[in-house]
Structures are given as structure tokens and as C-alpha cells.
2 protein chains.
Amino acid sequence: MTNKIITEDQQKAARYAKAMGHPIRMYVLELLSKQSCCYSGDLTEELPIVKSTLSQHLKELKNAGLIQGEIEAPRIKYCLNRENWKEAQVLFGKFLKMDSEEPFTNC
Amino acid sequence: MTNKIITEDQQKAARYAKAMGHPIRMYVLELLSKQSCCYSGDLTEELPIVKSTLSQHLKELKNAGLIQGEIEAPRIKYCLNRENWKEAQVLFGKFLKMDSEEPFTNC
DNA sequence: ACATTTGTTCGTAATTTCACGAACAACGAA
DNA sequence: TTCGTTGTTCGTGAAATTACGAACAAATGT
């Protein structure tokens with residue numbers, strides 16, 4: 001099955017995109033991209049969802065590899081997974097910003 | 001309700017991300033980002049899905065505003081929606097590539 | 001030891017996504 | 001007009017997503 005039409009990079013990019021595909025998760029990611037870390041308790045206060053729902057969203061971001069949690073008892077400190085974050089940058093940058101500034105006649 | 005915690009831009013970005021959150025759709029987008037246009041018939045041949053399923057995916061990309069179809073009877077020619085594509089570039093670029101090259105100690 | 005704080009897990013329900021085949025609509029060609 | 005091509009829509013079912021509250025687990029503080 002080397003005959004893959006859809007590349008590994010596309011699978012990865014889709015996976016990252018899916019994780020970003022919810023306003024709550026986008027909010028958390030953007031916050032972490034400019035704040036270096038946060039605690040879920042603070043997020044629960046400002047976001048219109050209960051803590052269990054937030055926990056699910058954070059878990060998805062974790063599973064996608066975009067963030068990581070670190071125990072800082074009794075709380076948990078979340079921050080970006082810089083390694084994968086960079087990979088996401090590369091993957092998205094690779095196809096997102098092609099021929100950006102051209103006066104392209106739509107086909 | 002000016003008290004929005006989650007911004008419009010975050011909603012938009014999440015919407016675009018969600019549309020990109022499937023390998024098939026990522027494949028189509030990447031193809032269009034380097035090929036300027038394509039026909040769904042060709043896609044059906046190379047992709048492991050039936051035409052009705054592909055039609056659904058293309059519809060999602062259309063609804064998200066990322067692509068547009070143009071009748072070129074008897075086929076339909078698809079290409080990127082350059083305007084929204086650029087918006088997606090800006091939105092993603094805005095939070096995706098912050099402090100990229102720093103020797104960041106993860107918190 | 002006990003209560004409090006913090007966050008995850010579980011159970012549940014409504015909604016959405018994904019995929020398929022069948023039926024349909026639009027159009028060009030014979 | 002009839003046929004073949006192209007793509008959408010409809011109906012269906014399986015699986016995933018989203019959200020909530022209740023229950024639970026871990027660690028700190030009293």
C-alpha cells in the first residue's frame with residue numbers, strides 16, 4: 001500500500017486542523033500562543049462551558065499533540081507543545097501561503 | 001452581548017479549521033492551492049470515495065467559503081475562493097507563527 | 001482525619017459527521 | 001428524442017462530537 005493518494009503530511013495537517021476546529025479550542029490555542037501558559041480553572045471562569053466540557057476540549061488538544069499539561073498541584077498548568085506547534089506551522093505554511101500576492105484571475 | 005469572550009476572528013478561524021479537518025478536504029485544498037483548478041470527476045477517480053461522498057466534502061468546503069464551483073458543462077470546475085483563502089491565511093498566520101524561532105523553555 | 005479545591009471520568013442525550021447506494025437533474029452528443 | 005455523462009440530493013445507518021451533571025480521584029489546608 002505504498003499507493004497512498006493522501007500523504008502523511010495531509011493526514012497530520014487534517015488532524016491538527018480538526019483539533020483547531022472549535023471556537024473554544026481555538027480560543028485556548030490563541031491564548032497559549034501569546035501567554036505561554038494557563039490554568040483550566042481560569043478558563044472555566046471566562047468561558048461559557050462547565051469544567052467537564054472544558055476538560056474534554058483540553059483532552060482533544062492534548063491528544064492532537066498541540067498542548068501539554070503539567071501538574072502543579074493542586075492545579076494543572078497547560079502550555080503549547082512547542083515541537084508539534086512548530087510542525088503545524090510548517091504544515092499549514094506549506095500549502096496555506098502559496099502565491100499569496102498575485103493578481104490571480106480565479107482560474 | 002458585547003461581552004464576547006471568543007472573538008469573531010476565532011469563530012472564523014475555527015470554521016475554516018473545521019473545514020480543513022478531514023484528509024479528503026485537506027487533499028483537495030492542497031491540490032487547488034498549487035493547481036488553480038480541478039474537476040470532481042478527476043478527484044473521484046484518484047480518491048477512495050464514491051462521488052456522492054466527494055460531493056458532500058466539496059459542499060462543505062464551499063459552505064466554509066474556501067472553494068467555489070463554476071459550471072463548465074457538462075462538468076464543474078472547482079477552484080479556491082481566493083478572497084477567503086487570503087483571510088484564512090491572515091487568521092492562521094496571526095496566531096500560528098508567533099515567537100517561532102525562540103529557544104522557548106516550555107513554561 | 002476531614003473538608004476543600006481542582007480536574008478527570010462516567011453516563012446520558014442531542015446533534016453532526018461520514019459514507020454508501022439509489023434516484024434525480026442538467027447538459028451535450030448521437 | 002433518446003442516450004450517456006456529470007454531479008447533486010435523498011435516505012439510511014454507523015460513528016463521532018458536543019454538552020451537561022454526578023461521581024470520583026488527588027493533593028492541600030485546617
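These numbers come from a predicted model, not from an experiment. Basis for what follows: all heavy atoms, side chains included, without hydrogens, waters or symmetry-related copies. In what follows, chains are A, B, ... by sequence order, proteins preceding strands, each numbered from 1.
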message: Need one value for B/Q56: base, sugar-phosphate or nothing, where a base atom within 4.0 Å counts as base even if backbone is also close, heavy atoms only.
response: base
message: Output the rounded distance in Å from CZ (A/R15) to P (D/dT17).
response: 10 Å
- prompt: To the nearest Å, how far apart are A/N63 CG and D/dA16 C1'?
  reply: 14 Å
message: Please report the interatomic distance CZ(A/R25) to CD(A/E60), rounded to the nearest 0.5 Å.
response: 4.0 Å
query: First and last nucleotide of DNA chain C touching chain A, 5' to 3', heavy-atom cut-off 4.0 Å?
result: C/dT6 to C/dT9
message: Need one value for B/T53: base, sugar-phosphate or nothing, where a base atom within 4.0 Å counts as base even if backbone is also close, heavy atoms only.
response: base
message: Whole angstroms only, please: what is the NZ-P distance between B/K77 and D/dG7?
response: 13 Å
- request: Using a heavy-atom cut-off of under 4.0 Å over every strand shown, decide if A/S55 touches base, sugar-phosphate, or nothing.
  value: base
query: Pick the nucleotide of DNA chain C nearest each of A/R75 and A/K18; which residue has the one closer to the 5' end?
result: A/R75
field: Trace of the salt bridge (Lys or Arg N to Asp or Glu O under 4.0 Å) decision for B/K12 with B/E8
entry: CA-CA 6 Å; B/K12 278 189 197 169; B/E8 280 299 321; over 6 Å; no
d(CG, A/L47; C1', D/dT18) in whole Å: 15 Å
query: Counting distance only, does the side-chain N/O of B/N84 pair as donor-acceptor with the main-chain N or O of B/G65 below 3.5 Å?
result: yes
message: Nearest whole Å is fine: how far is D/dA19 C1' from A/L54 CG?
response: 12 Å
message: By nearest heavy atom, map A/S52 and A/G21 onto DNA chain D; which one lands nearer the 5' end?
response: A/G21
query: In whole angstroms, how far is the C1' atom of D/dT17 from the NE2 atom of B/H22?
result: 14 Å
- request: Look at the side chain of B/E30 and the backbone N and O of B/Y27, then say whether any donor-acceptor pair between them is shorter than 3.5 Å.
  value: no
task: Looking at every strand, decide which applies to B/I49 at a 4.0 Å heavy-atom threshold: base, sugar-phosphate, or nothing.
output: sugar-phosphate
message: Without decimals, in angstroms, what is the distance between A/R25 CZ and D/dT18 C1'?
response: 9 Å
- prompt: Taking the inter-plane angle between the rings of B/F92 and A/F92 on a 0 to 90° scale, is it parallel (under 30°), tilted (30 to 60°) or perpendicular (over 60°)?
  reply: parallel
- request: Please answer whether the main-chain N or O of A/S40 pairs with a side-chain N or O of A/T44 as donor and acceptor at a distance below 3.5 Å.
  value: yes
Side-chain N,O (A/H57) to OP1/OP2 (D/dA19) below 4.0 Å: yes
field: Steps toward side-chain hydrogen bond (donor to acceptor under 3.5 Å, both in side chains) verdict (B/Y78, B/E70)
entry: CA-CA 6 Å; B/Y78 287 100; B/E70 181 187 339; over 6 Å; no
